[in-house]
Structures are given as structure tokens and as C-alpha cells.
Number of protein chains: 2
Amino acid sequence: MENKKRLKLAKEVLSDPRNPKEEVQALQDTIYVIGGKWKLPIINSICNGNKRFREIERSIPGITTRMLSRELREMEANLIIKRTVTDTIPVVVEYSPTEYCYTFGDIILEMIKWGKEHRERIKKDLSSEL
Amino acid sequence: MENKKRLKLAKEVLSDPRNPKEEVQALQDTIYVIGGKWKLPIINSICNGNKRFREIERSIPGITTRMLSRELREMEANLIIKRTVTDTIPVVVEYSPTEYCYTFGDIILEMIKWGKEHRERIKKDLSSEL
DNA sequence: GTAACCAGTATAACAGAGTATACCAACATG
DNA sequence: CATGTTGGTATACTCTGTTATACTGGTTAC
């Protein structure tokens, strides 16, 4: 058992090509940053060209002004988006993506893909149940 | 303004190549299924070959037995994983991925990629601040 | 025989994510 | 002049995900 343990440890630390420890941490980091119900939909909306507060709000089913306001503030602080106020009359507030914002693109794309396939699967399951 | 509205509506419904409405919904569906702190790390762990309860637990920093127990039960019910009990003495409980489980692979991969790059960025930012 | 490992369950409590509803000032629209 | 839009804030509440701590019954190693 002593030997087994030592063997396992060596295996773990040295020869594993996809270092699991590093990957779990990376995964958990990502979840920490984009966790919650709203951040990714908001990023998606803004990257899709929505700029105004109400516009973004309308583009995300179920979100409340309060949550949108909170998340936007937080994401601006974290440099994920930029908030611009014009000095026209009336003032116009616009949100725009930063470069950092686009780094989430691939994740969002994969999640959209999964979501679409998920719907397909459910449709098929329902129709085959008849 | 009447015309503007009608134009916008038509544009929205017809000619948009990446139908935003469908995509937001797909995105929100996905978040609904894999939302929370633990589901993806657990899926990742099991897909990486971890089978035993304590093994999975040890592979995910910060998780408690309670959360792992709950999530495993839920994910078994949703057919994301399979739970097998042998009738040996002592009994051995093993968790294994279903095919469905692997459909999250691309999402997890992208999130691991993002997490790693995120660490790199932070490292660079810190070193450039000196 | 005692310490440790396995696969969890029990209980209690908390923090904060999320909801609901109302409200505001400034401006535009008809 | 009434109604609607914009960009939010205020208040209060719920809910549940998450944590913390302890415990169980069986097995195995030293």
C-alpha cells in the first residue's frame, strides 16, 4: 500500500499529460468569474450590438432592471464592458464591449450550441414517446 | 416612428442570420442545466476517470460531502451520470459518465482554456505593475 | 484495539443571488 | 397635457445554494 501510494503520487505529479489539478482550478476560476444567471447573457447581448440599457434589458428574457443594473456596474468595474455617457440633450448612456469581453466568445458559442442541441434532443424524446 | 418600428420588427424576425432570440434562449437553457458552482467540476472529474465518492471529492477543491452528495443524486436523476453498486464485501459504489455527460465536453474545454489564459493575464499584469 | 478510510446523512445556520414592486427626474410624442 | 420612454434607484422580501459541524455503520490496516 505504501508502494501503491508512492506510485500514484508520482503518476499524478509527473506523467499526466492533462494535469487535472490545474484544469479543475482553471475551470473553477472561470465559473467564479462568469457565475450566476446573468453575466453571460449580458455579455452576449452587448457583444451582439445592444448598447442602451432598456435595449439590453429587453433582449434578455426574465432579467429585472435591478439585476441588470447591478451586473452592469460590476462588469464595468471589472473592465468587461465600458459605459459611455454623451453630453447631448438628453444624455445618452451606452454600453459597449471591451476586448476582454470578447474573450468569453468561445464559451458562449459552445453554450449556445449545447442549448440548441438540448432542445432538439427534448423534441425528439417527446415525439418518440407517443 | 411607426415605420421605423415596423422595419425593425421585420428585420428582427426575418433577415437576421444569427437569430438573437433563439440564441439567448439556448444560452439561458444551458445556464439553467449546468448552473451553480459544482456541476461542471463534477462532470469534469467523472469524465476524467474518477469513480469513487471520496476520489471525486478530493479532486474538487472546496466541495463538501453534502454538496457532492446532493449534486450526484440530482445528476443521476437527470441521467448525466450513472451510479453502480457492486454486491461484493465491502460494497463498492462507483460513478460513471453517461453519453449525455460527454456532451458538455466542449463547454468544459473552453472554460478550462479561458481559466488558464485568465491566470496568464493576471500574472502578466502583476509583473508589469512592478 | 484503535486509528483510518469508505459512502454518505443530519442538522442548523447564513449570505447573497434573485424577485417583486414601486418610484424618480428628464425628455419625447402625439 | 397626458402618456410613454430612458436610465436607473429604493425597499423589502424569498429562496436556495452553500457552509459548518457532527455523526453513522461498516471495513480495513497496523
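When reading the values below, keep in mind they use all heavy atoms of this one structure, side chains included, and skip hydrogens, waters and symmetry mates.
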Item to check | Cluster overlap A:F53 with A:I80, hydrophobic side-chain contacts below 4.5 Å | outcome: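 A:F53 clusters together with A:I80.
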Checklist entry - So if you build clusters from Ile, Leu, Val, Met, Phe, Trp, Tyr with side-chain heavy-atom gaps below 4.5 Å, do B:V24 and A:Y95 land together? => result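 Unlinked, B:V24 and A:Y95 end up in two clusters.
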Item to check | salt bridge (Lys or Arg N to Asp or Glu O under 4.0 Å) pairs, two or more places apart, involving residues 28-39 of chain B | outcome: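 Listed once each, the pairs are A:R119-B:D29, B:K39-B:E71, B:K39-B:E74.
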Checklist entry - Which parts of residues 24-45 of chain A get close to DNA chain C, meaning a heavy atom less than 4.0 angstrom away? => result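 Within residues 24-45 of chain A, the residues near DNA chain C are A:G36, A:K37, A:W38.
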Using only atom types and a distance under 3.5 Å, with no angle test, would you say the side chain of [X] pairs donor to acceptor with the backbone of [Y]?
{"X": "A:R52", "Y": "A:V93", "answer": "yes"}
{"X": "B:Q28", "Y": "A:G62", "answer": "no"}
{"X": "A:T103", "Y": "A:E99", "answer": "no"}

Next on the checklist: So that I can tick it off, tell me whether A:K116 and B:E23 are bridged by a salt bridge, with the cut-off set at under 4.0 angstrom between side-chain N and carboxylate O.
Outcome noted: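 Here B:E23 pairs with A:K116 in a salt bridge, since their nearest N and O are under 4.0 Å apart.
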Checklist entry - Is a salt bridge present between B:R73 and B:E76, judged by a nitrogen-to-oxygen distance below 4.0 Å? => result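 Salt bridge: no.
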Next on the checklist: Using the ring pair (Phe, Tyr, Trp, His ring centres under 6.0 Å) criterion, which residues pair with B:Y32? Sequence neighbours excluded.
Outcome noted: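 Counting only residues at least two positions away or on another chain, B:Y32 forms no ring pair (Phe, Tyr, Trp, His ring centres under 6.0 Å).
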[N] [atom2] sits how many Å from [X] [atom1], rounded?
{"X": "B:I56", "N": "C:dG8", "atom1": "CD1", "atom2": "C1'", "answer": "12 Å"}
{"X": "A:I63", "N": "C:dA20", "atom1": "CD1", "atom2": "P", "answer": "13 Å"}
{"X": "B:R52", "N": "C:dA4", "atom1": "CZ", "atom2": "C1'", "answer": "15 Å"}
{"X": "A:F53", "N": "C:dC24", "atom1": "CZ", "atom2": "C1'", "answer": "14 Å"}
{"X": "A:M67", "N": "D:dG8", "atom1": "CE", "atom2": "P", "answer": "16 Å"}

Checklist entry - To the nearest 0.5 Å, how far apart are CD1 in A:I108 and CD1 in B:I107? => result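 Between A:I108 CD1 and B:I107 CD1, I get 11.5 Å after rounding to 0.5 Å.
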Next on the checklist: I need the residues from residues 68-93 of chain A with at least one non-hydrogen atom less than 4.0 Å from DNA chain D; give them sorted by number, or say none.
Outcome noted: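 Hits under 4.0 Å, by residue number: A:S69, A:R73, A:R83, A:V93.
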Validation: residues 40-51 of chain B side-chain donor-acceptor distances under 3.5 Å, sequence neighbours left out:
{"residue": "B:S45", "atom": "OG", "partner": "B:N50", "partner atom": "ND2", "Å": "2.9"}
{"residue": "B:S45", "atom": "OG", "partner": "B:S59", "partner atom": "OG", "Å": "2.7"}
{"residue": "B:N50", "atom": "ND2", "partner": "B:S45", "partner atom": "O", "Å": "3.2"}

Checklist entry - At under 4.0 Å, does any side-chain N or O of B:Y95 touch on OP1 or OP2 of C:dG8? => result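 Yes, within the criterion.
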Polar atom pairs between nucleotides 10-12 of chain C and protein, under 3.5 Å, N or O only, would you list them?
{"residue": "C:dT11", "atom": "O4", "partner": "B:R66", "partner atom": "NE", "Å": "2.8"}

